[in-house]
Amino acid sequence: MIDVLVVDDDFMVARIHRGFVERIDGFRVVGTASTGEEAIAAVNEFRPDLVLLDLYLPDMFGLDVVTRLRAARHDCDVLVISAAREAEAVRRSVRYGAVNYLLKPFGFDELRSRLEQYAARRNSPRVTVVTDQADVDRVLSRSGAHTATSALPRGLSAETAELVERALREHSGTLSAAECANAVGISRVSARRYLEHFTDTGRAEVGLRYGSAGRPERRYSWVS
């Protein structure tokens, strides 16, 4: 089980978020907090794996909580949940090591998607020594650093990458580049570039489907 601490200054919002988390297999809420100081004390007490952290707390800014936790050598992960829409808030959260950033208000499916992504990265096989760039990319993607656009090759956008990822995740079987292109609304060539990028970084797998004639078709699936 992945233990979660919910931090929000609005007790009704915290209650809703707690309910969301408890509906997702593999996660359980070990506590809630409404201030920065309460959050730090709760981490000391419950040792959660993941903190759902609001940025606007009554006694301190949410990222200051992260600074205090790191100074105390807590290695829990942080998923920011906030109404802050400034790009700088997102960039700062990434620099502070947030595994994701979810804008309020959000629904259950949006949170579930982020938590399932987090669980997949957390439970995937660990790379202990990097031997090439592909290993580096896998380490970055599993640590949450894939949220930074710099992790994408030149010419690929984070927004389209997220759409392609969602198409792969939500499809029960495998997808070809043409099928992915139709689902996302981009060209087949573009879809192929994103799919190959996910394959190269270990987040997708590719297999070949042989027909009666012609080249085998490359088909992709998300690694979960």
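This chain uses plain numbering: 1 for the first residue, then up along the sequence. Basis for what follows: all heavy atoms, side chains included, without hydrogens, waters or symmetry-related copies.
Under the 4.5 Å side-chain heavy-atom criterion for grouping Ile, Leu, Val, Met, Phe, Trp and Tyr, Val13 is not connected to Leu103 through any hydrophobic cluster. Hydrophobic clustering (side-chain heavy atoms under 4.5 Å, transitive across Ile, Leu, Val, Met, Phe, Trp, Tyr) keeps Val30 apart from Ile24. Phe27 is not connected to Phe46 by any chain of hydrophobic side-chain contacts under 4.5 Å among Ile, Leu, Val, Met, Phe, Trp and Tyr, and they are in different clusters. Val90 and Val65 fall within a single hydrophobic cluster, where Ile, Leu, Val, Met, Phe, Trp and Tyr side chains are chained together by heavy-atom contacts under 4.5 Å.
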Exercise for the section: Before giving the answer on salt bridge (Lys or Arg N to Asp or Glu O under 4.0 Å), spell out for Asp10 and Lys104 the whole-Å C-alpha distance, their side-chain angles and the decisive distance to 0.1 Å. Expected result: CA-CA 12 Å; Asp10 187 323; Lys104 291 180 178 180; over 6 Å; no
Exercise for the section: List the steps and the verdict of salt bridge (Lys or Arg N to Asp or Glu O under 4.0 Å) for Arg166 and Glu110. Expected result: CA-CA 11 Å; Arg166 186 179 304 171; Glu110 292 175 292; over 6 Å; no
Exercise for the section: Run the numbers on Arg68 and Glu37 for salt bridge (Lys or Arg N to Asp or Glu O under 4.0 Å), then give the verdict. Expected result: CA-CA 10 Å; Arg68 295 268 301 273; Glu37 291 293 348; 3.3 Å; yes
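Rounded to the nearest 0.5 angstrom, His171 NE2 and Glu179 CD are separated by 6.0 Å. Rounded to the nearest 0.5 angstrom, Leu175 CG and Glu170 CD are separated by 10.5 Å. Distance check, rounded to the nearest 0.5 Å: CD of Glu45 to CD1 of Ile40 gives 14.0 Å. A distance of 5.5 Å separates CE in Met1 from CZ in Arg28, rounded to the nearest 0.5 Å. To the nearest 0.5 Å, atom CZ of residue Phe61 and atom CG of residue Leu53 are 9.0 Å apart. In this structure, Asp9 CG and Phe11 CZ are separated by 11.5 Å, a value rounded to the nearest 0.5 Å.
Closest of all the heavy-atom pairs between Ala84 and Leu55 is CB-CD1, 4.3 Å. Closest approach of Asp54 and Ser82 over heavy atoms only: OD1-CA, 4.0 Å. Scanning both residues, Ser221 and Thr174, for their nearest heavy atoms gives CB-CG2, 4.1 Å. Pairing each heavy atom of Ala39 with each of Val7, the nearest pair is CB-CG2, 3.8 Å. For Val184 against Ala167, the heavy-atom pair with the smallest separation is CG2-CB, 4.0 Å. Closest approach of Phe198 and Ala161 over heavy atoms only: CZ-O, 3.4 Å.
One N or O on the side chain of Glu38 and one on the backbone of Ser34 form a donor-acceptor pair closer than 3.5 Å. At least one donor-acceptor pair closer than 3.5 Å links the side chain of Ser93 to the backbone N or O of Ala89. Counting only distance, with no hydrogens or angles, the side chain of Asp59 and the backbone of Gly36 share a donor-acceptor pair below 3.5 Å. Judged by distance alone, with hydrogens and angles left aside, the side-chain atoms of Tyr194 form a donor-acceptor pair with the main-chain N or O of Ser157 at under 3.5 Å.
Looking at Leu69 and Cys76, their side chains come closer than 4.5 Å, going by heavy atoms from C-beta outward. Residues Thr67 and Tyr96 meet the side-chain proximity criterion, which asks for heavy atoms closer than 4.5 Å. With contacts defined as side-chain heavy-atom distances shorter than 4.5 Å, the pair Leu195/Val206 does not qualify. Side-chain contact between Phe20 and Leu115 is absent, with no heavy-atom pair separated by less than 4.5 Å. Considering only heavy atoms from C-beta on, Glu22 stays 4.5 Å or farther from Val4 through its side chain. Here the side chains of Asp3 and Arg47 are not in contact, with every heavy-atom distance at 4.5 Å or above. Considering only heavy atoms from C-beta on, Leu79 comes within 4.5 Å of Val99 through its side chain. Residues Arg203 and Leu168 form no side-chain contact, since every pair of their non-hydrogen atoms from C-beta on lies 4.5 Å or further apart.
Between Phe106 and His17, the ring-plane angle classifies as parallel under the 30° and 60° cut-offs.
Other residues, nucleotides and ligands place no more than 12 heavy atoms under 6.0 Å from the CZ atom of Arg15.
Within the structure, salt bridge (charged side-chain N to carboxylate O under 4.0 Å, His left out) pairs that include any residue of residues 182-197 comprise Arg192-Glu196, Glu196-Arg218 (at least two apart or interchain).
For the residue pair Asn100/Tyr118, the side-chain donor-acceptor check at 3.5 Å is not satisfied.
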